[in-house]
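For reference, the structure discussed in these notes is given below.
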Amino acid sequence: MLAQFKKLNYISLFIIILSFVGGCSGNSSWENRFSPDPELSRNQSPNPTNTPETVTTLPRAFPRDIPRYPNAKIVSVDSNLTSTQGKTNWESSDPVNLFKTRYQAEFEQNNWEIIQPFNPDTEDLSDRLIAQNQDRKVAVYLSEIGSTNQFTLEYKPLDGEIAVSPSPTPSDSLPVTPNTFSDRSEIPQPLQKYVLDLANLGVLTTYKGTSEQFKPNEAISRREYARWLFNVYNHLYRNTPEKQIRPSSPSSTPLFQDVSSSDPDFEQIQGLAEAGIIPSSLTGDTSQSLFRPEANLIREDLLIWKVPIDLRKALPSATIDNVKETWGFQDTAKIDPKALRALYADFQNGDRSNVKRVFGYTTLFNPKKPVTRAEASAALWYFGFQDQGISAQEALTIENTPNLDANTPNSPTPTPSNNSSN
């Protein structure tokens, strides 16, 4: 009897619970008490945009053509990483200078074009490597320096924007004179005269913002060489304005994607391009959409930019055989066709040749070898063809002669170039 009573109570309780639940289905207030919070669902999205996710292996979407640093491990990736763009974070125990040198070499060996090289002499977090191939751009930069250095690798399509390091302003480098050199003894002996003469003219600048170091054996950037080329040439011909190269107007449409009108060297770089000295779309070089201001100047470009100013006319036609017969270089086949023309014309300049003055006797031109700051100075020491030109030494003579103007009949005339119509 007792057992039947308990069974009846259980059945009654079950029926009451079913009735209660069924009644709630039509009551919105009760439903809301037991339903998930929609705000909570939105805030706990499993893949928030740009949020790094800790990982131990690279995602499959990461492009396999991007070089990976040998002694580094992946730390995190952005959650929105795809095969076309993304950002990854890594860490390595290697010293900063070794990391930069070794990683840049990885890109170069894999045939990536270096748009902006690392500066191995700085631990500035704004320093970055930017490279590109036929598919994409890549930026590599340090994000934290410590016992374990962390770096970020970011990649985007070719037309994507990747911020470069802040452009140096003219105030970052100071005019240099021989008396301010703290590293004067490091200038190679054959080049000392050229560097010191230009330094006495006040047309050279210190190395990367230092107050008293010239760093003669460091590579010079394309930006700095363009600035020196423009300023030195116009200084040597300051008394003959008709021979000077004009700066570009700040309102001109930029010819290079990576040298905007706000760039501190825009007027000089654009001016050289508008004068047809630096190859650009204006000279029919449609592939020259980037100037690569922070890349190292190479020997080919030194000649391509400098020789047309010496000649004051179009470069002559030239072939590999022409250059082999004149210079006898063993690596002539590796030289760019535009550089072949510049080399052929430079040979006609005799003892005033840039190659002879800068590199001395050599059977190898090494066209892609970076140019040092001392070598760049030697190239800029003289402008002109054969004896129809002016040197920095001659300009110093004019400047040091009191009460005489180089434009007056009684002033010393260093070379016939000042009266030449070339």
Side-chain angles (χ1 to χ4, degrees), residues 97 100-101 104-105 108 114 116-122 127 168 172-178 180-201 203-233 265 278 291-307 309-310 327 329 331 334-336 339 342-343 346 353-383 391-392:
N97 59 344
K100 289 182 176 181
T101 302
Q104 183 164 316
E108 292 170 343
I114 305 299
Q116 175 175 305
F118 274 133
N119 176 9
D121 297 327
T122 182
D127 186 35
D172 285 337
S173 298
L174 305 172
V176 66
T177 65
T180 64
F181 279 9
S182 63
D183 53 358
R184 177 173 173 170
S185 61
E186 296 178 17
I187 305 172
Q189 193 279 328
L191 305 179
Q192 281 186 8
K193 173 180 176 55
Y194 308 125
V195 175
L196 297 180
D197 280 350
L198 287 173
N200 276 314
L201 285 175
V203 290
L204 299 182
T205 49
T206 56
Y207 179 74
K208 295 184 186 295
T210 62
S211 61
E212 54 185 31
Q213 286 189 313
F214 182 66
K215 295 283 186 179
N217 301 307
E218 292 293 327
I220 189 170
S221 70
R222 290 165 59 89
R223 169 194 295 281
E224 190 160 31
Y225 181 70
R227 187 195 307 151
W228 284 10
L229 176 65
F230 185 94
N231 292 337
V232 172
Y233 175 80
D265 297 309
I278 292 178
F291 180 68
R292 298 180 294 120
E294 311 309 331
N296 292 334
L297 178 79
I298 59 175
R299 290 184 172 187
E300 280 183 339
D301 290 335
L302 181 146
L303 270 294
I304 290 171
W305 299 1
K306 173 68 165 51
V307 175
I309 306 180
D310 291 329
W327 287 109
F329 293 140
D331 54 356
K334 299 178 181 179
I335 301 173
D336 181 272
L343 279 166
D346 192 56
S353 157
N354 292 280
V355 171
K356 292 179 180 178
R357 185 168 63 255
V358 178
F359 307 119
Y361 173 74
T362 177
T363 63
L364 290 171
F365 180 58
N366 292 310
K368 302 295 189 293
K369 185 176 181 179
V371 177
T372 69
R373 290 164 60 84
E375 290 171 340
S377 303
L380 301 177
W381 183 83
Y382 182 83
F383 282 91
S391 69

Is the side chain of [X] donor-acceptor paired with the backbone N or O of [Y] at a distance under 3.5 Å, no angle test?
| X | Y | value |
| --- | --- | --- |
| Asp183 | Lys215 | yes |
| Gln104 | Phe118 | yes |
| Asp301 | Leu297 | no |
| Arg299 | Val371 | no |
| Arg222 | Phe291 | yes |

*Do Ser353 and Asp346 get their side chains close enough for a donor-acceptor pair, meaning under 3.5 Å?*
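Present: a donor and an acceptor within the cut-off.
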*Val203 side chain reached by Val232 side chain, heavy atoms, under 4.5 Å*: yes
_Side-chain heavy atoms of Leu380 within contact of Tyr225, under 4.5 Å_ = yes
Of the non-hydrogen atoms in [X] and [Y], which two are nearest, and what is the gap between them?
| X | Y | value |
| --- | --- | --- |
| Arg223 | Asp265 | NH1-OD2, 2.9 Å |
| Pro293 | Ser221 | O-CB, 3.6 Å |
| Leu302 | Ala376 | CD1-CA, 4.4 Å |
| Ile114 | Glu108 | CG1-CG, 3.8 Å |

Interatomic spacing from [atom1] in [X] to [atom2] in [Y] - rounded to 0.5 Å:
| X | Y | atom1 | atom2 | answer |
| --- | --- | --- | --- | --- |
| Leu229 | Ile309 | CG | CD1 | 4.0 Å |
| Phe214 | Leu198 | CZ | CG | 8.5 Å |
| Leu191 | Leu196 | CG | CG | 10.5 Å |

Does [X] have any side-chain hydrogen bond (donor to acceptor under 3.5 Å, both in side chains) partners at least two apart in sequence or in another chain, and if so, which?
| X | answer |
| --- | --- |
| Asp310 | Lys306, Asn354 |
| Trp228 | Thr205 |
| Thr363 | Gln330 |

_Pairs involving residues 372-383, ordered by first then second residue, that meet salt bridge (charged side-chain N to carboxylate O under 4.0 Å, His left out) (sequence neighbours left out)_ =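 Qualifying pairs, neighbours excluded: Glu224-Arg373.
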*Could I get the full list of side chain to side chain contact (heavy atoms under 4.5 Å, CB included) partners for Pro367, not counting sequence neighbours?*
Glu300, Asp331, Lys334, Ile335, Phe365
*Can you sort out the partners of Phe230 under ring-ring contact (aromatic ring centres under 6.0 Å, His included), two or more places apart, ordered by chain and number?*
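In terms of ring-ring contact (aromatic ring centres under 6.0 Å, His included), with neighbours along the sequence ignored, Phe230 is linked to no residue.
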